[in-house]
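Chain letters run A, B, ... following the sequence lines, proteins first, then strands; residues in each count from 1.
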Amino acid sequence: MDTYFEYVRNANGLKIACEELSREPFLGLDTETSELDPYKGELRLVQLSSGRKTYVFDLLPFRAAGDLKSNGELAPLRRIFESETQTKILHNAKFDAKWIRHQLGSEIVNVFDTYLASQLIAAGDSERRHSLADVAQYFTQTTLDKTEQVSDWTREELSASQIEYAARDAAVLPPIYEQLAARLKADDLERVARLEFECVMPIAEMELSGFAVDKSRWQTQFARVTAAAAKAADELQDILSAGVSQASLFGRAEINLDSQQQVAEALRNLGVPMPESMRAWQLQPLAEKYPVIAKLLEYRVVQKAATSFGENFLEFIEPATGRIHADFRQIGAPTGRFSCSNPNLQQIPHETEYRSCFCVSENRNLVIADYSQIELRILAEFSGDEKFIEAFASDADFHRMTASQVFNVKPEDVTDDQRSFAKRLNFGIVYGVGASRFGMMTGLSQSDAETTMRRYFATYRKLDAYLRDSGNRVISERTARTASGRMLRLRFDENDRQSVGAARRYGVNMPIQGTSADILKRALRLLHDSIRGTSARLVNIVHDEVVVECDEGEAESTAEKLNKALSAAAEEYVKKVPIRVDVNLSHKWDK
DNA sequence: GTGAAGGGCCAC
DNA sequence: AAACGTGGCCCTTCAC
């Protein structure tokens, strides 16, 4: 690449370069670091590019004066990061934002993330890749060589090739931005793009903050489930080996209890009638008649607990902070939902034994806020069904209210069965449940299930109409959108009923699930702005739940801020249906 | 040994 | 005629 760049390694050069850069409305921004984890390595280079001119700032010389955070010579750089009028173009901005926040103390304001933009434009096309090299190729037809990316960024004298690589990675960003910005506009994705970009900094800070976990409490819990798993395994082996002839000769014939094949064979030998699959819900009906099935199900539960939520979990504790810094993917699903890994903090079991391990000291507080029935409220909003909306009007039990409407009885006369049917339908319709599956989970016959569903949709006619129209539109337009404009392109074979059916369910669900994600992201930005300068830190999010940690003395005011942020965010998208946010104060992640 | 695929199951 | 949406983690199995 023929971009002219300059390598800056002193305060005066930095000051002059930043004066020039501060006149640019759009700047490519990239960093080079010695590690992937800001708690482990060092930020070495910061690159800023207008597209025409690129500066590579080497921070190594500045480290001689001590902590970079308190180094006034870097102030011109910080002013650019924090400038509201200059758009900073980054690829996967969360990564650089964490380093800059942690090591330079700056928040990056006004982010344009080419990674997120590329994902939004791809609209769920899983074939498309979103690395910087892929995005550069796709949008600007330039080929990037990434071999220097993993080179040694700790050596005192960087090679010419390393510096040139660093410069180029920032210089490619402005032209990519031009293309992406045009596409976002053309596809009507500007609102959702802003939503995503404004969410980067809150997530970067959340990952830096980490989530507090009590190591010894966790160890106690996992010792308990490990023992339970061992005991269940032993008992299960005993029963299963009864059907194996070698047992008497060589003692117990051990099988691998985690192998569905081997377990299925052993069960067959014992004369257990085998269902289609070995899944718990299929095995459950057999548990009463066959103690071995009950034991197998018991084993699975404790084994899952002992492996997925065992000692391995503690390996994720960062020594520098003593906390868990999980990895959140902002567009983790095409619907816009987050995903989380290493570890996945969105799938911690509900049991108090687990949740109470996430706890804070006496002088700190967790503030836990969650949306009540947010997806159903979104569905009510989209459908405009007055009767369905009416069920949300009071603060009363929503499933009981719908049961009352569907079965035409007073709320206080709703039977447990009626409430349960209504509850399962309320959840099921969001996913496009059919009578067959509904019957399966309620124990109703196919025809009784159909009758109940007909009754449900007869009660909520507009809801029924909305779901049908939405499904038809998904198939005819081959796209679905959320309230913020997030788009999903559906791929299906119109001659294949199964494929069409799947696309329809997926496309009907996406605007609901995705609008919920839109609302959460908006809430995170509002929250981020309202807790700035306080002791409050965002520490976890789980789709419709937000967990904040703060000083004990600020617990009440933080709770109020959380309530306000979540309510205001939802009310930007949901106008006709009341929104309910529940906020709890606790020392542990337990409601 | 390594990696992909698939079963099963945790969360929402 | 119909078929419950999104993720990640652990395990086995199977191909290379």
Quiz item: Does B:dC9 have OP1 or OP2 sitting under 4.0 Å from an N or O in the side chain of A:R300?
Solution: yes

Self-check item: Integer-rounded Å distance: C:dC4 C1' and A:N426 CG
Solution: 14 Å

Self-check item: A:S259 side chain near C:dT13 phosphate (N/O to OP1/OP2, under 4.0 Å)
Solution: yes

Quiz item: Do A:V548 and A:V539 have side chains that get closer than 4.5 Å, going by heavy atoms?
Solution: no

Quiz item: With a non-hydrogen cut-off below 4.0 angstrom, is A:R337 in contact with a base, only sugar-phosphate, or nothing?
Solution: base

Quiz item: Heavy atoms under 4.0 Å, any strand shown: does A:I348 hit a base, just sugar-phosphate, or nothing?
Solution: sugar-phosphate

Quiz item: Any chance the rings of A:F309 and A:W218 have centres within less than 6.0 Å?
Solution: no

Practice problem: Look at A:R437 and C:dA3 and indicate whether a side-chain polar atom (N or O) is within less than 4.0 Å of OP1 or OP2. | Solution: no

Quiz item: Is a donor-acceptor pair below 3.5 Å formed from side chain A:K304 to base B:dC9, judging by atom type as modelled?
Solution: yes

Practice problem: May I ask you to evaluate whether A:T335 reaches the phosphate of C:dT6, defined as a side-chain N or O under 4.0 Å from OP1 or OP2? | Solution: no

Quiz prompt | Closest to the A:R505 side chain, choosing from B:dC10, C:dT13, C:dA3 | solution = C:dA3

Exercise. Send over the distance from A:R486 CZ to C:dG5 P, rounded to a whole Å.
Key: 20 Å

Exercise. Identify whether any heavy atom of A:A517 sits under 4.0 Å from a base atom; if not, whether one sits that close to sugar-phosphate; answer base, sugar-phosphate or nothing.
Key: nothing

Exercise. Would you mind checking if A:E353 and A:R217 are paired as a salt bridge, meaning a charged N to carboxylate O distance below 4.0 Å?
Key: no

Practice problem: May I ask you to say what A:A502 touches in the nucleic acid, namely base, sugar-phosphate or nothing, with a heavy-atom cut-off under 4.0 Å? | Solution: nothing

Quiz item: Any side-chain heavy atom of A:E318 sitting closer than 4.5 Å to one from A:R323?
Solution: no

Self-check item: Integer-rounded Å distance: B:dG8 P and A:I293 CD1
Solution: 12 Å

Quiz item: When you check the gap from the basic side-chain N to the acidic O, do A:E571 and A:R522 get nearer than 4.0 Å?
Solution: no

Quiz prompt | Integer-rounded Å distance: C:dG7 P and A:E375 CD | solution = 13 Å

Quiz item: Picking from B:dG8, C:dC9, C:dT13, which would you name as closest to the side chain of A:S277?
Solution: B:dG8

Exercise. For A:G501, answer base if it contacts any base atom (sugar-phosphate contacts may also be present), sugar-phosphate if it contacts only those atoms, and nothing otherwise; contact means non-hydrogen atoms under 4.0 Å.
Key: nothing

Exercise. Tell me which nucleotide among C:dG5, B:dA11, B:dG8 gets nearest to the side chain of A:M278.
Key: B:dG8

Quiz prompt | Under 4.0 angstrom between A:N312 side-chain N/O and C:dC10 OP1 or OP2 | solution = yes

Exercise. Could you check A:Q347 against A:Q498 and say which one's nearest nucleotide on DNA chain C is further toward the 5' end?
Key: A:Q498

Self-check item: Closest to side chain of A:F309, choosing from C:dA3, B:dC10, C:dC4
Solution: B:dC10

Practice problem: Among the candidates C:dG7, C:dC10, C:dG5, find the nucleotide nearest to the side-chain atoms of A:Q513. | Solution: C:dG5

Exercise. Would you mind reading off the distance between A:M453 atom CE and C:dC4 atom P, rounded to a whole angstrom?
Key: 9 Å

Quiz item: According to a strict under-4.0 Å criterion, is A:N256 in side-chain N/O contact with OP1 or OP2 of C:dT12?
Solution: yes

Quiz item: If we take the P atom in both B:dC10 and C:dA3, what is their distance in whole Å?
Solution: 25 Å

Quiz item: When you measure from the side chain of A:R329, which nucleotide among B:dC12, C:dG8, C:dC11 comes out closest?
Solution: C:dG8

Quiz item: A:R279 CZ to C:dA3 C1': how many Å, rounded?
Solution: 13 Å

Quiz prompt | Minimal non-hydrogen separation, A:I324 against A:I317, with atom names | solution = CG1-CG1, 3.9 Å

Exercise. Please work out if A:R504 contacts a base, only the sugar-phosphate, or nothing of the nucleic acid, heavy-atom cut-off 4.0 Å.
Key: nothing

Practice problem: For A:G434, report the nucleic acid contact type (base, sugar-phosphate, nothing); a contact means any heavy atom under 4.0 Å. | Solution: sugar-phosphate

Quiz item: Is the shortest heavy-atom distance from the side chain of A:K588 to the side chain of A:R355 under 4.5 Å?
Solution: no

Quiz prompt | Euclidean distance, atom CZ of residue A:F328 to atom P of B:dA11 [Å, nearest integer] | solution = 16 Å

Quiz item: Is A:Q260 side chain donor-acceptor paired with the B:dG7 base, going by distance under 3.5 Å alone?
Solution: no

Self-check item: Spacing of A:L520 atom CG relative to B:dC12 atom C1', expressed in whole Å
Solution: 11 Å

Exercise. Give one of base, sugar-phosphate or nothing for A:S516, where a contact means two heavy atoms less than 4.0 Å apart.
Key: nothing

